[in-house]
Amino acid sequence: DVKVTQSSRYLVKRTGEKVFLECVQDMDHENMFWYRQDPGLGLRLIYFSYDVKMKEKGDIPEGYSVSREKKERFSLILESASTNQTSMYLCASSSFRDRTGREQYFGPGTRLTVT
Amino acid sequence: QKEVEQDPGPLSVPEGAIVSLNCTYSNSAFQYFMWYRQYSRKGPELLMYTYSSGNKEDGRFTAQVDKSSKYISLFIRDSQPSDSATYLCAMKPGGSYIPTFGRGTSLIVHP
């Protein structure tokens, strides 16, 4: 059973703080993703990684960076948190072995509030 | 115009009703079409997927793709209160690992 875990369910940070969101998957998946989900806007891709130390920008990378030092772990970093980064953050993973790449497995999400 | 359009709802129906959820899209390169279900305070989970055009049935759920109209649907028969969730459509071209998601439709099935 695929499991994607995220380090926190709820997080409250102050403006200007550096924030780390951690994601770990246990299925040896090559691909990992970070999304944010906002009411009325749906899921928007922040960054994508298809291998260790590899990363690609998604639709809204500004204000974020990522790190993938190990295959199972993908971190999202907010260098200087701002109130407009208050959102639900979802991590997902998928496998190269699934040729269609159709299925993404999502974590439970981290609801981040920046005050 | 977004690549994938989905009415956010909410859609409120009585228990036992047939539910129709829909998405339209503009990118003719999309070949894989998925429906995810997201319960409150949880991550999305894959419900159904279809490759290219046609229908696919799984229990009470039927996914339908009409590529000529760029329109996909998810039908839920005999809807139950446990079906209350947000349903997200997603689609992607062949050879890509990155789907494009709709905004999601909130469904409420009341007893």
Side-chain angles (χ1 to χ4, degrees), chain A residues 1-6 8-10 21 23-25 27 29-51 54-61 88-112, chain B residues 1-10 21-25 27 29-52 54 56 58 63 65 72 74 85-107:
Chain A
D1 206 21
V2 177
K3 196 162 186 184
V4 179
T5 56
Q6 295 184 229
S8 305
R9 293 300 305 274
Y10 300 94
L21 302 182
C23 175
V24 177
Q25 49 92 6
M27 280 302 292
H29 283 172
E30 292 79 11
N31 305 321
M32 296 189 76
F33 309 78
W34 273 107
Y35 293 91
R36 64 178 282 177
Q37 185 175 33
D38 301 287
L41 296 177
L43 281 169
R44 293 182 290 167
L45 182 65
I46 305 172
Y47 269 97
F48 161 57
S49 170
Y50 55 89
D51 202 352
M54 306 304 290
K55 61 185 179 185
E56 297 281 347
K57 291 180 181 178
D59 300 318
I60 51 163
M88 169 71 88
Y89 289 87
L90 287 160
C91 175
S93 71
S94 69
S95 172
F96 274 165
R97 291 186 292 276
D98 173 0
R99 288 193 304 117
T100 68
R102 65 183 179 272
E103 182 161 10
Q104 289 187 314
Y105 294 87
F106 284 87
T110 295
R111 183 162 294 282
L112 173 67
Chain B
Q1 185 190 4
K2 284 175 66 73
E3 268 193 308
V4 179
E5 296 281 359
Q6 185 176 12
D7 187 334
L21 304 168
N22 311 294
C23 290
T24 59
Y25 63 95
N27 188 345
F30 288 146
Q31 291 189 336
Y32 293 94
F33 303 90
M34 291 77 75
W35 286 96
Y36 284 81
R37 178 175 60 195
Q38 184 176 21
Y39 290 115
S40 180
R41 290 185 288 277
K42 300 276 178 106
E45 55 180 353
L46 183 69
L47 189 60
M48 298 197 63
Y49 90 97
T50 310
Y51 171 67
S52 195
K56 188 168 185 177
D58 183 3
V65 175
I72 71 170
L74 177 71
T86 296
Y87 290 80
L88 299 111
C89 65
M91 44 198 82
K92 58 182 238 20
S96 169
Y97 288 97
I98 304 175
T100 301
F101 284 87
R103 290 185 296 170
T105 299
S106 174
L107 172 67

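Throughout, a chain's letter reflects where its sequence line sits, starting with A, and its residues are numbered from 1. Remember, predicted model here, so these are calculated numbers, not experimental data.
- Heavy atoms of Tyr10(A) lying under 4.5 Å from chain B belong exclusively to its side chain.
- Across Gly104(B), Gly102(B), Pro44(B), Gly43(B), the residue that shares the most heavy-atom pairs under 4.5 angstrom with chain A is Pro44(B).
- A centroid separation of 6.0 Å or more is found between the aromatic rings of Tyr97(B) and Phe48(A).
- With a threshold of 4.5 angstrom between heavy atoms, Leu90(A) approaches chain B through side-chain atoms but not through N, CA, C or O.
- Heavy atoms closer than 4.5 Å to chain B are found nowhere in Arg44(A), neither backbone nor side chain.
- Heavy atoms closer than 4.5 Å to chain B are found in the side chain of Gln37(A), but not in its backbone.
- Here the rule is side-chain contact (heavy atoms from CB on, under 4.5 Å) with Phe33(A), and of Ser93(A), Ser94(A), Cys91(A) only Ser94(A) fits it.
- Ionic pairing of Asp58(B) and Lys56(B) is not present here: no N-O contact between side-chain nitrogen and carboxylate oxygen is shorter than 4.0 angstrom.
- Between Phe101(B) and Tyr36(B), the ring planes are tilted. Angles from 30° to 60° get that label.
- For chain A, the nearby part of Gln38(B) is the side chain; its heavy atoms alone come within less than 4.5 Å.
- Using a 4.5 Å cut-off between heavy atoms, Tyr35(A) touches chain B through its side chain atoms alone.
- A distance of 13.5 Å separates NZ in Lys55(A) from CD1 in Ile46(A), rounded to the nearest 0.5 Å.
- Comparing Pro108(A), Ala92(A), Pro39(A) by heavy-atom pairs within less than 4.5 Å of chain B, the highest count is held by Pro108(A).
- Expressed to the nearest 0.5 Å, how far CG of Leu47(B) lies from CH2 of Trp35(B) amounts to 9.5 Å.
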